[in-house]
K.L.:
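First the structure, which I've put down as structure tokens, then a few questions once you've had a look.
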Amino acid sequence: MKKVGLDTDTVRRLREGMAAGVLSFPLTSFHEDGSLDPDGFRTHVASRLAAAPGGLFPACGTGEFFSLDEDEYRTVVRIAVEEAAGSVPVVAGTGYGWAQAARFARIAEEEGADALLVLPHYLVAAPQDGLVAQLEQLAARTRLPLIAYQRGPVAYGVDAFRRITAIPSVVGLKDGHSDLDRLQRLTLAAPEGFLLFNGAATAEIQARAYATVGVPAYSSAVHAFAPEIAGAFFTALRDGDASTVDKLLRAFYVPLVELRDRAPGYAVSLVKAAARLRGAPVGPVRAPLTDPSAADLADLRTLLTTGLDLVGAAL
């Protein structure tokens, strides 16, 4: 069955972008004192756009949405929209309970974002009815298309998934659980044209597995600091070049995950450190995250050099 109201221009552009490249989640730039660095963020976003992502997702998990106040969020979304200038869809993050999510959604709408990624709610576990109601309440308060994100406390069963896909403005699902049994059931229940993509941490590790259940599109944290590696992996995967995929997984992605798993929060702070190693003006992470230790930073530099060498690029 075709989803009523799904074929908006934004959804079409997102679908085309997902087929053409990885989805980019830019980092939010901060000064050393922790204040927002708009100029640094603008430079970082422009460089990510130059690497031709399929879509731009500012102020999401990698962009430390959880640490931004509303004024900072407005600035981040505005800059992303200005820099994209219609070249790719801009999907801003929103989250917490629906009342606060609606406040961020209103800002994103005012600043020209094309859609919203609804990040998992804060702190509490919730029943399936509550997960559905969260999206219903937010959908009633914004004109923007919504992409649900299941990760952490949010995991949709088939019945709840069918209910959220019936909400006209819910156009997609980002999956961060990597439960392929559950995901296969959801893909089979999805309306025609519904957007599904792999949002696991270091999604490339599981990209082939996701593709086998009908979810080939994925987000890439590596694109935030090494679009050369992210692009080479995407092209090899798309073209069925198993040798290159395996080489990049063995020499770069698997060691990156092992390094990422050394400390909580490294899924963001390690990415930001790697971007700084390449001269990106992204600054430090904000508490409660912490920047990598000196030893981990040295290992990251070595690994990043190895990965760039593999694709003919330099640190």
Side-chain angles (χ1 to χ4, degrees), residues 1 3-6 11 25 57 59-62 64-68 70 73 91-109 115-201 203 206 209-210 213-215 217-219 264-265 267-268 288:
M1 175 180 288
K3 180 176 168 67
V4 176
L6 184 65
V11 174
F25 285 67
F57 288 66
C60 293
T62 305
E64 297 179 79
F65 166 79
F66 53 85
S67 76
L68 300 176
E70 292 179 15
Y73 176 85
V91 183
T94 190
Y96 306 113
W98 63 259
Q100 184 63 52
R103 292 172 65 92
F104 282 104
R106 186 160 51 250
I107 293 169
E109 193 171 323
L116 295 164
L117 178 66
V118 185
L119 302 171
H121 62 268
Y122 172 67
L123 189 62
V124 296
Q128 294 288 290
D129 285 349
L131 299 181
V132 174
Q134 164 88 335
L135 288 176
E136 289 174 336
Q137 292 286 352
L138 180 55
R141 290 163 172 81
T142 180
R143 293 176 295 176
L144 293 178
L146 304 177
I147 297 173
Y149 185 7
Q150 62 170 13
R151 186 172 179 171
V154 178
Y156 298 102
V158 172
D159 289 344
F161 178 71
R162 287 197 176 105
R163 290 168 63 191
I164 70 168
T165 67
I167 302 169
S169 61
V170 175
V171 301
L173 177 74
K174 177 183 179 182
D175 177 72
H177 282 297
S178 305
D179 180 341
L180 296 183
D181 180 285
R182 176 192 294 265
L183 188 59
Q184 180 69 91
R185 295 168 193 267
L186 299 187
T187 64
L188 295 172
E192 180 184 343
F194 195 76
L195 304 175
L196 294 143
F197 66 97
N198 167 7
Q206 300 181 66
Y210 270 79
V213 296
V215 185
Y218 62 92
S219 59
V268 176

K.L.:
List in chain and number order the residues that pass salt bridge (charged side-chain N to carboxylate O under 4.0 Å, His left out) with Glu136, two or more places apart in sequence or in another chain; answer none if no residue qualifies.
P.N.:
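If we apply the salt bridge (charged side-chain N to carboxylate O under 4.0 Å, His left out) test to Glu136, skipping adjacent residues, there are no hits.
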K.L.:
Should the pair Phe104 and Tyr96 be assigned to parallel (<30°), tilted (30 to 60°) or perpendicular (>60°) ring geometry?
P.N.:
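Ring orientation, 0 to 90° scale: tilted.
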K.L.:
Taking salt bridge (Lys or Arg N to Asp or Glu O under 4.0 Å) as the cut-off, I'd like each qualifying pair that reaches into residues 159-171, sequence neighbours left out, listed once.
P.N.:
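Checked against salt bridge (Lys or Arg N to Asp or Glu O under 4.0 Å) - neighbours excluded - the pairs reaching residues 159-171 are Asp129-Arg163, Asp159-Arg162.
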K.L.:
When rounded to the nearest 0.5 angstrom, what is the spacing between CG in Leu135 and NE2 in His121?
P.N.:
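Spacing of CG (Leu135) from NE2 (His121) equals 11.0 Å.
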K.L.:
Go through the steps for Asp175 and Val215 under the test side-chain contact (heavy atoms from CB on, under 4.5 Å), then give the verdict.
P.N.:
CA-CA 10 Å; Asp175 177 72; Val215 185; over 6 Å; no
K.L.:
Are the side chain of Arg182 and the backbone of Tyr156 linked by a donor-acceptor contact shorter than 3.5 Å?
P.N.:
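At least one qualifying donor-acceptor pair exists.
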K.L.:
For residues 116-128, which residue pairs pass the salt bridge (Lys or Arg N to Asp or Glu O under 4.0 Å) check, not counting sequence neighbours?
P.N.:
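Non-adjacent pairs meeting salt bridge (Lys or Arg N to Asp or Glu O under 4.0 Å): zero.
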K.L.:
What pair of heavy atoms forms the shortest contact from Ala189 to Val158, and how long is it?
P.N.:
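What the structure gives for the nearest pair is CB-CG1, 4.0 Å.
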K.L.:
Looking at every heavy atom in both Ala126 and Leu131, which two are closest together, and how far apart are they?
P.N.:
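So the two residues come closest at CB-CD2, 4.0 Å.
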K.L.:
Do Phe25 and Leu117 pass the side-chain contact (heavy atoms from CB on, under 4.5 Å) test, and can you show the C-alpha distance, the side-chain angles, and the key distance before you say yes or no?
P.N.:
CA-CA 11 Å; Phe25 285 67; Leu117 178 66; 3.9 Å; yes
K.L.:
Could you pull out the closest heavy-atom pair between Lys174 and Ser219, with the gap in Å?
P.N.:
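Taking every non-hydrogen atom into account, CE-OG, 3.9 Å.
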K.L.:
Which heavy atom in Ala139 sits nearest to a heavy atom in Ser169, and how many Å separate them?
P.N.:
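In terms of heavy atoms, the two residues are closest at CB-OG, 3.3 Å.
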K.L.:
Under a 3.5 Å distance rule, please check whether Thr94 uses its side chain to pair with a backbone N or O of Ala101 as donor and acceptor.
P.N.:
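Here the side-chain-to-backbone pair exists.
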K.L.:
Could you tell me if the ring centre of Phe161 sits under 6.0 Å from that of Phe194?
P.N.:
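Centroid separation for Phe161 and Phe194: below 6.0 Å.
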K.L.:
Any chance you could lay out the side-chain contact (heavy atoms from CB on, under 4.5 Å) test for Ile147 and Val171, step after step, and finish with the verdict?
P.N.:
CA-CA 6 Å; Ile147 297 173; Val171 301; 4.1 Å; yes
K.L.:
Identify, with sequence neighbours excluded, every residue that meets side chain to side chain contact (heavy atoms under 4.5 Å, CB included) alongside Ser178.
P.N.:
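Ala200, Gln206, Tyr210.
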K.L.:
Between Val118 and Tyr149, is the side-chain contact (heavy atoms from CB on, under 4.5 Å) condition met? List the steps.
P.N.:
CA-CA 6 Å; Val118 185; Tyr149 185 7; 5.8 Å; no
K.L.:
Quick one: CD1 on Ile164 to CD on Gln134, what's the gap to the nearest 0.5 Å?
P.N.:
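Answer rounded to 0.5 Å: 11.5 Å.
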K.L.:
Do side-chain atoms of His177 reach the backbone of Val154 as a donor and acceptor pair under 3.5 angstrom?
P.N.:
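Indeed, once roles are kept as given, a pair shorter than 3.5 Å links the two residues.
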K.L.:
Determine yes or no for a side-chain-to-main-chain donor-acceptor pair under 3.5 angstrom, with Glu109 supplying the side chain and Thr142 the backbone.
P.N.:
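The answer is no, because no donor-acceptor pair under 3.5 Å joins these two groups.
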K.L.:
With sequence neighbours left out, what residues match Arg103 under salt bridge (charged side-chain N to carboxylate O under 4.0 Å, His left out)?
P.N.:
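Per chain and number, Arg103 pairs via salt bridge (charged side-chain N to carboxylate O under 4.0 Å, His left out) with Glu70.
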K.L.:
Test of understanding: with salt bridge (charged side-chain N to carboxylate O under 4.0 Å, His left out), list the residues that count as partners of Arg151, not counting sequence neighbours.
P.N.:
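Listed in chain order: nothing, the list is empty.
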K.L.:
Could you measure the distance from the CG atom of Leu173 to the CG atom of Leu146? Nearest 0.5 Å is fine.
P.N.:
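So the CG of Leu173 and the CG of Leu146 are separated by 12.0 Å.
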K.L.:
Do you know the tightest heavy-atom contact between Leu196 and Ala190?
P.N.:
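Here Leu196 and Ala190 meet closest at CD1-CB, 4.2 Å.
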K.L.:
Indicate the atoms forming the closest heavy-atom contact of Gly95 with Phe65, along with that distance.
P.N.:
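Closest approach of Gly95 to Phe65: N-CZ, 3.4 Å.
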